[in-house]
Amino acid sequence: MLNLFHARHLLSRRGLHTLPARSLSTPDVYECNVRISALVRAGKAVAARQLFDEMPERDVVSWNTMIAAYWRASDCVESKRLFGLMPRRNVVSWNSMISGCIENGDIEEAFRYFQEMPERSIASWNAMISGLVKFDRVDEAERLFKVMPRRNVISYTALIDGLARNGDMRRARCLFDSLPMKNAVTWAVMISGYVENEMFDEARSLFSQMPEKNVVAITAIITGYCKEGKIENARKLFEGIKEKDPVSWNAMISGYANNEHGAEALRLYMQMLRSSMQPDHSTLLVVLTACSVLASLQCGKQIHATAVKMGLESDISLCNSFMTMYSKCGSISDSDLMFRNIQNPRLVSWNTIIAAFAQHGLYEKACAMLHDLVANGDRPDGITFLSILSACGHAGMVNESIFWFNVMVLEYQIPPRTEHFSCLVDIVSRAGQLEKACEVISAMPFQADGAVWSALLGACQVYLNVELAELAANKLVELNSQNSGAYVMLSNTYAASGKWRDVTKVRSLMKEQGVRKQPGYSWLEMGDKVHMFLRGDTSHPDIKRIHSQLDTVYLHMKTRHTINF
């Protein structure tokens, strides 16, 4: 693409160079147009422009091809200049300008070209409607749709997509039902709209009615199942796709990662590579999430190497994910190095590195980064201060946490969210200041959620405050009757306080309510494999050897304890 910009400056000095007049026959013009198109597709834009300039005669196709080439290179100035020099234009010429402006983010300029068109095709209307939907101007798109002289399935599908994005699924469905001839894209857009708006039953019902199910619609349902936590249903659908595309792979891998099945996500990623399907930018982001969940440093470094090979090492979103991954894998120095390599960090990158330092309890470094952020001319947001509060929590700094909370509210006028209050309650509670924690909860401008009451209940268990523990547990059960953590922590508080009758009551209540404690699990990375262990699970192939080694370690510890005693 650099060659294209070089050509623009080179040729602008000599204008549209024209050789001495020599008449070209229509077949000659056609052959030149074919060659120009081939050169543009091959990325040889300089040669294409040179051939275009040397043509003694050009037709509208010649001009349209070169204008489209400059649009692809995001050279808006040269595209518009050539368009202005065209001796004759057709509908394709105008449509190219509309689409080019939309693709390059100038919806107002696109609409100006649309208004100036002497004659519009249905493609012109569709391009404009799709562009307005893309920029979330759905009301304007609907107004255009209503005055269209003629509509087709693309017109309907574009507006259905816009209404679905706005969450207006009722009107989207009415429009969908009014369309007599739907294509696969229309069905997929409607189903995806239901999934995005978390109307999973409606999505599955419509999916069952779809005459020929394509990979886009199936992937949407897979995403829906994953959002509901029905990972096995999603995998069954995924396995039924004959020709999987990168989007379907990413949806399934993401489903595993987001449902805390990191090992399965990595296994599926390896299966994707073995199937000769190349990962893309989205794949790497999803797999990095899995690596972060599992704290798998070796796997994370392999993904980093893959990103370098793909030329994506400078991608901001990937850099942020690498910072998070390295931090969660315990390699904070690598997180810091990733941040230092970003030339112009945005707020998201600043927040990511501050969160990384906070996670490692590096309060001073987190604060230093906040000062650098402000010195850089950026303004911190609620996420920034949440990380600073987290750093205070890891370092046990109560006064500092209150100071930063006040800075956020008073100096930066950032309204605190429930996460900020939860963090503050956790910090104050851990310091044993339970009454002060209750004062913070009372001062909240909205109802406390489960995270706030869990923070208080956890501290009550440590400091054996039975009265407050009962209050917090009751609040948690009111919010979610199946919250096993509330019952367990209250039971442990009773047990530590010697109130065994109350312990029995809590356990009986759990049985009555059908509440089951979530089993804990752990994992261990050895070589290129992650081994997961669930409490009571004996399915590991080396379980006998593992138990034997544990017995040996136990006996060794017992012997040393006896000798020391």
Side-chain angles (χ1 to χ4, degrees), residues 136 166-167 289 292 316-317 319-321 323-324 327-328 332 335-336 338-340 342-431 433-459 472 475 479:
D136 294 323
N166 271 9
T289 301
S292 299
I316 291 295
S317 57
C319 286
N320 295 338
S321 293
M323 278 191 275
T324 301
S327 172
K328 290 191 175 181
I332 188 63
S335 293
D336 194 17
M338 286 298 305
F339 179 78
R340 301 295 174 187
I342 300 175
Q343 292 184 351
N344 297 303
R346 299 172 186 170
L347 181 58
V348 176
S349 301
W350 286 103
N351 285 345
T352 304
I353 191 62
I354 291 172
F357 284 131
Q359 183 187 7
H360 285 257
L362 301 173
Y363 170 77
E364 297 295 339
K365 285 199 171 186
C367 290
M369 276 294 174
L370 173 59
H371 291 306
D372 289 345
L373 182 157
V374 175
N376 193 55
D378 292 313
R379 179 183 173 85
D381 62 2
I383 297 174
T384 316
F385 283 103
L386 185 61
S387 294
I388 294 295
L389 288 174
S390 176
C392 292
H394 285 292
M397 295 179 167
V398 178
N399 293 334
E400 288 81 355
S401 68
I402 296 173
F403 167 78
W404 286 115
F405 186 90
N406 289 332
V407 167
M408 178 184 74
V409 176
L410 301 177
E411 184 176 337
Y412 287 96
Q413 284 84 47
I414 298 173
R417 300 195 307 269
T418 184
E419 296 91 344
H420 299 102
F421 282 106
S422 175
C423 197
L424 194 58
V425 168
D426 184 54
I427 295 168
V428 175
S429 298
R430 285 176 184 272
Q433 301 178 26
L434 299 182
E435 297 299 330
K436 193 167 188 176
C438 289
E439 291 176 9
V440 173
I441 295 174
S442 299
M444 288 176 62
F446 39 75
Q447 187 178 8
D449 66 0
V452 173
W453 291 114
S454 291
L456 180 62
L457 181 54
K475 292 291 185 180
L479 293 169

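All values below were derived from every heavy atom in this structure, side-chain atoms included, with hydrogens, water molecules and symmetry-related copies excluded. As the structure is a computational prediction, the values presented were derived from the model and not from experiment.
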Side chains of [X] and [Y]: does their closest heavy-atom pair fall under 4.5 Å?
X	Y	result
Phe403	Val407	yes
Asn351	Leu386	no
Val409	His420	no
Phe339	Thr352	no
Leu373	Ile354	yes

Nearest-0.5 Å distance, [atom1] of residue [X] to [atom2] of residue [Y]:
X	Y	atom1	atom2	value
Ser429	Ile427	OG	CD1	10.0 Å
Leu424	Met444	CG	CE	10.0 Å
Met338	Ser321	CE	OG	9.5 Å
Trp350	Leu370	CH2	CG	9.5 Å
Cys319	Arg346	SG	CZ	11.0 Å

How close do [X] and [Y] get, counting heavy atoms only, and between which atoms?
X	Y	result
Ser422	Ala455	O-CB, 4.2 Å
Gly450	Leu479	N-CD1, 3.5 Å
Val374	Pro380	CG2-CD, 4.1 Å
Pro345	Asn376	O-ND2, 4.4 Å

[X]: which residues meet the side chain to side chain contact (heavy atoms under 4.5 Å, CB included) condition with it, sequence neighbours left out?
X	result
Asn406	Ile402, Leu410
Ile316	Asn320, Ile342, Ser349
Ala431	Val398, Gln433
Ser454	Leu476

Please list all pairs meeting salt bridge (Lys or Arg N to Asp or Glu O under 4.0 Å) that have one or both residues in [range], counting only residues at least two apart or in different chains.
range	value
residues 370-383	none
residues 409-426	Arg417-Glu419, Asp426-Arg430
residues 436-455	none

| said: Among residues at least two apart in sequence or on other chains, which ones pass side chain to side chain donor-acceptor pair (under 3.5 Å) with Asn166? | reply: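 Counting only residues at least two positions away or on another chain, Asn166 forms no side chain to side chain donor-acceptor pair (under 3.5 Å).
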Output side-chain donor-acceptor pairs under 3.5 Å for residues 359-368, partner residues at least two apart or in another chain, one line each.
residue, atom, partner, partner atom, Å
Gln359, OE1, Ser327, OG, 2.6
His360, NE2, Ser327, O, 2.8
Tyr363, OH, Trp404, NE1, 3.0

| query | Heavy-atom count around Gln447 CD within 6.0 Å, excluding the residue itself: above 12? | reply | no
For [X], enumerate each residue passing the ring pair (Phe, Tyr, Trp, His ring centres under 6.0 Å) test, keeping only those at least two apart in sequence or located in another chain.
X	answer
Trp453	none
Phe421	Phe405, Phe446
Tyr412	Phe385

